[in-house]
Amino acid sequence: LLNIYFIQTLGMGLDGAIWAIIIASLIQVIILSPVLISNVRLSDNSTDLLQKMKKFSLPFLPAAIFLILIELSDRWMIGLMSPNGTADVGIYTAGYKFGSLIMLCVRAFNLNWQPYYLKKDTPATFYKIGSIFLSLLIILSTLLSVLWPVLFWFLIGEDFWSGGAIIPIIAISYIFYGLFVLQMPSLYLKNKEQWAPKFWGVGFIINVFCNCALIPLYGYYGAAFATFFSYTGMALFIVYKNYNWMPMKYNLPYLGCILVISVLVLWYGYDLNTLVGTIGLGQQSFWIPHIFIASIYLLITVPIMWLMYKKI
């Protein structure tokens, strides 16, 4: 509402967007102040506890900075190094936003996952939750990769069609981000918080290196693959370290079955999307095969996920 008022009604542009964020944040502070005041007691403060909290939290500051850089640096580098310059930034952003729907699922999961594993140190439960969540991410990513032309047709249009090709790459990247999040309990439960900036730092280094190497050659496709390689590297790094810290296993037979079916559907979807890109979005019935293959895929994979849930 504030964005609409400042940007559209008052015509303030970027300044209006900034003021909207500031005012919204102040409103949140005012609303939450009574809750904060009622739960804070200065008499209960402990210097030792404060020092422990500071020591634990400091490594996550550079980790958060690396996360922001991984998420935002690709647009800047596309504008500088892509053969088509800033024109590619808009196309890339359109596709990236759809692919990042999987990221929203991961972050929503993490809001509940982190408090859960801090209270319950039960590897058997981690095994069950991790297996189900990974299978869900694979299914959602596959559906998004198959159905993105339909979403583009309804929400964006044909002008940004070329940006849709990166959606499967971005979606798969966030599957590995989900795996990384699932592996994070060891940082908290085994006091390995000092490794947090190392994991994110490796992701950032991979991201910058791949962007510099791939964007001049492949444009925004190179940036999409840089995102994929960075999150894959982070996930593999923490899985490797967890072999010694806190091994976390998943139901590989069922996950493998879902993965094989998903790869076949992605292969078919790629050919289908290539055909649609050739004939254009003007064909009103182009969405029918996409909906059909997505429905068949759900009819096969959802029962497999349900069997996995009942078995574990």
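Counting begins at 1 with the first residue of the sequence. Basis for what follows: all heavy atoms, side chains included, without hydrogens, waters or symmetry-related copies.
- Between Leu137 atom CG and Ile132 atom CD1 the span is 12.0 Å, to the nearest 0.5 Å.
- Ile68 and Val106 fall into different hydrophobic clusters, where Ile, Leu, Val, Met, Phe, Trp and Tyr residues are linked whenever their side-chain heavy atoms come under 4.5 Å apart, directly or through other members.
- There is no side-chain donor-acceptor pair under 3.5 Å between Thr93 and Tyr220.
- Between Pro185 and Phe126, the shortest heavy-atom contact is CB-CE1, 4.2 Å.
- Screening residues 199-210 for side chain to side chain donor-acceptor pair (under 3.5 Å) gives Ser73-Asn207, Asn207-Asn211 as the qualifying pairs, with residues at least two apart or on separate chains.
- If you take OH on Tyr92 and CD1 on Ile166, they are separated by 5.5 Å, rounding to the nearest 0.5 Å.
- Ring to ring, Phe176 and Phe228 are close: their centroids are under 6.0 angstrom apart.
- In the hydrophobic clustering of this structure, Leu266 groups with Leu298; members are Ile, Leu, Val, Met, Phe, Trp, Tyr whose side-chain heavy atoms approach within less than 4.5 Å, directly or through other members.
- Residues meeting the side chain to side chain donor-acceptor pair (under 3.5 Å) test with Glu71, sequence neighbours left out: Tyr96, Tyr174, Tyr231.
- Tracing side-chain contacts under 4.5 Å through hydrophobic residues (I, L, V, M, F, W, Y), one never reaches Val263 starting from Leu252; they form parts of separate clusters.
- Atom CD1 of residue Ile22 and atom CD1 of residue Ile27 lie 12.0 Å apart, to the nearest 0.5 angstrom.
- Considering every non-hydrogen atom in both Ala235 and Leu179, the closest pair reads CB-CD2, 4.0 Å.
- With hydrogens and angles disregarded, a donor-acceptor distance shorter than 3.5 Å links the side chain of Trp113 to the backbone of Val181.
- For the pair Ile261 and Ile304, the minimum side-chain heavy-atom distance is below 4.5 Å.
- Residues Phe204 and Val208 have side chains in contact (heavy-atom distance under 4.5 Å, counting atoms from C-beta outward).
- A donor-acceptor contact closer than 3.5 angstrom is absent between the side chains of Ser131 and Asn251.
- Met234 and Phe180 make their closest contact through O-CD1, 3.7 Å (heavy atoms, listed as atom of the first residue, atom of the second, distance).
- Taking all atoms of both residues into account, the shortest heavy-atom contact from Phe98 to Ala94 is CD1-O, 3.2 Å.
- In this structure, Trp245 and Leu187 have side chains that are in contact, with non-hydrogen atoms separated by less than 4.5 Å.
- Atoms CG and OG, from Leu255 and Ser262 in turn, are 10.0 Å apart once rounded to the nearest 0.5 Å.
- Phe199 and Phe209 end up in different hydrophobic clusters when Ile, Leu, Val, Met, Phe, Trp and Tyr side chains are linked at under 4.5 Å.
- The cluster map of Ile, Leu, Val, Met, Phe, Trp and Tyr, joined by side-chain heavy atoms under 4.5 Å apart, puts Leu307 and Ile258 in the same cluster.
- For the residue pair Ile138 and Ile175, the shortest heavy atom distance occurs at CA-CD1, 3.9 Å.
- The CG atom of Leu143 sits 9.0 Å away from atom OG of Ser295, with the distance rounded to the nearest 0.5 Å.
- Within the 3.5 Å criterion, the main-chain N or O of Phe229 finds no donor-acceptor partner in the side chain of Thr232.
- Listed for the Asn242 side chain is no donor-acceptor partner under 3.5 Å among the backbone atoms of Ser186.
- The side chain to side chain donor-acceptor pair (under 3.5 Å) check on Thr227 picks up nothing, with sequence neighbours excluded.
- For Tyr254 and Ser135, the side-chain atoms include no donor-acceptor pair closer than 3.5 Å.
- Annotation: the span from Phe133 atom CZ to Ile129 atom CD1 amounts to 10.5 Å, rounded to 0.5 Å.
- The shortest side-chain heavy-atom distance between Leu101 and Met103 does not fall under the 4.5 Å cut-off.
- In this structure, Ala223 and Asp74 approach most closely via the heavy-atom pair CB-CB, 4.2 Å.
- The side-chain heavy atoms of Leu182 and Phe109, taken from C-beta on, include a pair separated by under 4.5 Å.
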*With side-chain contact (heavy atoms from CB on, under 4.5 Å) as the test, would you mind laying out the steps for Tyr177 and Arg107 before giving the verdict?*
CA-CA 10 Å; Tyr177 177 46; Arg107 291 186 176 176; 4.0 Å; yes

